[in-house]
Peer 1: 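Structure in structure tokens, see below.
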Amino acid sequence: VLCWFYIFPVYRLPRDKDIVEEVLRQGEAWQKNQTGIDLYRKLLTDCCNPPRMFAVTKENSPLGKVLWYDGELYHSHTVNNETYSLFVQDNPLQLPLKKCAVVGNGGILRRSKCGRDIDQANFIMRCNLPPLSKEYVEDVGTRTHLVTANPSIIEKRFQNLLWSRKAFVDSMKVYGSSYIYMPAFSMKPGTDPSLRTYYALADTSSNLTMLFANPEFLATVGKFWKARGVHGKRLSTGLFLVSLALGLCEEVTAYGFWPFSVGLDEQPVSHHYYDNVLPYKWFHAMPEEFVQLWHLHKSGTLRMKLGPCP
Ligand code: CDP
């Protein structure tokens, strides 16, 4: 009993359990609600203008423009000749996107057999360069149109690209010709690794296209959710992507969003579909984020896939 107490502090147990019960009560039933979809697109357009602002472009960030880092106070980058030349001209996506799948990295994807479902979407977004190797294909699919990459992954997994770039370039091949979406101007130490990532891809004629996340967009989306009761230090990558999808897509389905240690079958669930490394404790507020996503699911604004796929 003592051991159980240390692994799962008691105050969290009832909450996870209540959520499991609530999700089970709702069941698989889901009804699309066009009014809800239109409303959220309008709310997000008014606050954050996703089509125009989600990436740093030559259009929204001309030479001399000051980009304020959204993850740090008082730091900014003034767009100069070097950085300007790395920006895409304008939003490169053909809008509106039709069916979008946003794939979180939650352990519920394991043995979900949702790969085929995910691959049928018209636009597939993934978080943090997730593994797509053979053993996971059946559960998470193979196709990707946009994948986020945190500069910290480049530092840790690829030695900051200071040595060989081959391992990095090779491991990017699983993402085909997607956009790689990097928060280059969120935290000061992340800028150099992001620019190095850009050059590593460009120098090897990679099929991936770099899009730098616009810090103004990330900040306004953060405020949008703060006003709706999400209080973490920073939104999780997944919630940024869902917000982007709600702004750009006609229909959104979210997979792999389940920040709880117990599944719907009351069995333990790992944090990720590929490992059980837990997040830094109070950085994100994933359970709070889940509650918001669940509201959107219940109102028919987006669909959350939590059980196995047929
Ligand atoms: O870096 P971060 O913690 O944001 O993300 P991650 O662990 O690579 O997972 C990608 C996204 O999936 C997260 O940002 C969450 O939105 C979502 N996720 C979840 O809802 N439940 C989990 N157990 C794990 C991830």
Side-chain angles (χ1 to χ4, degrees), residues 8 12 15-16 19-20 23 70-71 100-112 114 118 124-132 136 139-141 144 146-157 171 174-175 178 180-183 186-187 190 193-194 213 218 221-222 224-226 228-246 252-265 267-297 302-307:
F8 302 106
R12 280 203 53 185
R15 217 162 98 188
D16 292 18
I19 287 176
V20 169
V23 171
D70 63 296
C100 293
V102 183
V103 188
N105 289 334
I108 44 156
L109 275 170
R110 215 176 182 139
R111 289 184 288 279
S112 68
C114 284
I118 292 172
I124 301 164
M125 306 188 188
R126 302 185 191 266
C127 306
N128 297 326
L129 303 177
L132 296 180
Y136 305 120
D139 296 330
V140 303
T144 306
L146 182 146
V147 61
T148 69
N150 214 299
S152 65
I153 308 179
I154 304 297
E155 282 180 54
K156 287 190 204 122
R157 226 193 283 168
S171 65
V174 288
Y175 307 112
S178 342
I180 174 165
Y181 187 57
M182 284 194 82
S186 288
M187 310 278 259
S194 305
L218 302 179
V221 170
F224 178 86
W225 288 110
K226 197 161 233 161
R228 285 163 178 77
V230 177
H231 292 114
K233 184 158 156 39
R234 189 174 173 77
L235 294 188
S236 76
T237 309
L239 190 55
F240 279 123
L241 285 192
V242 168
S243 314
L244 178 61
L246 288 170
V252 179
T253 307
Y255 301 81
F257 286 79
W258 185 258
F260 309 109
S261 47
V262 185
L264 292 174
D265 53 4
Q267 296 299 310
V269 185
S270 58
H271 182 60
H272 292 137
Y273 69 82
Y274 46 86
D275 70 25
N276 195 20
V277 177
L278 295 174
Y280 183 62
K281 210 152 182 207
W282 302 116
F283 198 62
H284 299 317
M286 282 193 204
E288 264 172 35
E289 295 185 359
F290 179 87
V291 170
Q292 295 299 323
L293 295 175
W294 185 245
H295 281 316
L296 293 179
H297 172 89
L302 60 72
R303 181 171 197 178
M304 300 274 279
K305 254 334 254 167
L306 298 172

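As the structure lists them, so they are numbered: ligands from 1, and atoms in each ligand from 1.
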Peer 1: If you take the nearest heavy atom of each of Arg234, Glu289, Met286, which one is closest to atom 3 (O) of ligand 1?
Peer 2: Met286

Peer 1: Record the part of Cys127 in heavy-atom contact with ligand 1 below 4.0 Å; permitted values are side chain, backbone, both and neither.
Peer 2: side chain

Peer 1: In this structure, are over 12 heavy atoms from other groups packed under 6.0 Å from Arg157 atom CZ?
Peer 2: yes

Peer 1: Pull out every atom of ligand 1 sitting under 4.0 Å from any heavy atom of Gly106, numbered as shown with elements.
Peer 2: 22 (C), 23 (N), 24 (C), 25 (C)

Peer 1: Would you tell me which option among Phe257, Phe290, Phe260 has the nearest heavy-atom contact to atom 17 (C) of ligand 1?
Peer 2: Phe257

Peer 1: Against heavy atoms of Gly104, which atoms of ligand 1 measure under 4.0 Å?
Peer 2: 12 (O)

Peer 1: Tell me the closest heavy-atom pair linking Leu239 and Leu293, and the distance in Å.
Peer 2: CD1-CD2, 3.8 Å

Peer 1: Can you tell me which residue among Thr237, Thr144, Thr148 is in a side-chain hydrogen bond (donor to acceptor under 3.5 Å, both in side chains) with Arg126?
Peer 2: Thr144

Peer 1: Counting the benzene-type ring for Trp, do Tyr181 and Phe240 have ring centres under 6.0 Å apart?
Peer 2: no

Peer 1: Looking at every non-hydrogen atom in both residues, tell me the closest pair between Leu306 and Phe257 and how far apart they are.
Peer 2: CD2-O, 3.4 Å

Peer 1: Less than 3.5 Å between some nitrogen or oxygen of Ser270 and one of ligand 1, yes or no?
Peer 2: no

Peer 1: Which pair of heavy atoms, one from Ser186 and one from Arg234, lies closest together, and at what distance?
Peer 2: OG-NH2, 3.3 Å

Peer 1: Give a yes/no verdict on whether any heavy atom in Gly256 is under 4.0 Å from an atom of ligand 1.
Peer 2: yes

Peer 1: Considering only heavy atoms of Asn128, which atoms of ligand 1 have at least one such atom less than 4.0 Å away?
Peer 2: 1 (O), 2 (P), 5 (O), 6 (P), 8 (O)

Peer 1: Looking at Trp258 and Leu264, what are the two nearest heavy atoms and their distance?
Peer 2: CH2-CD2, 3.9 Å

Peer 1: Could you name the option among Val242, Val103, Asn105, Leu129 that has the heavy atom nearest to atom 12 (O) of ligand 1?
Peer 2: Asn105

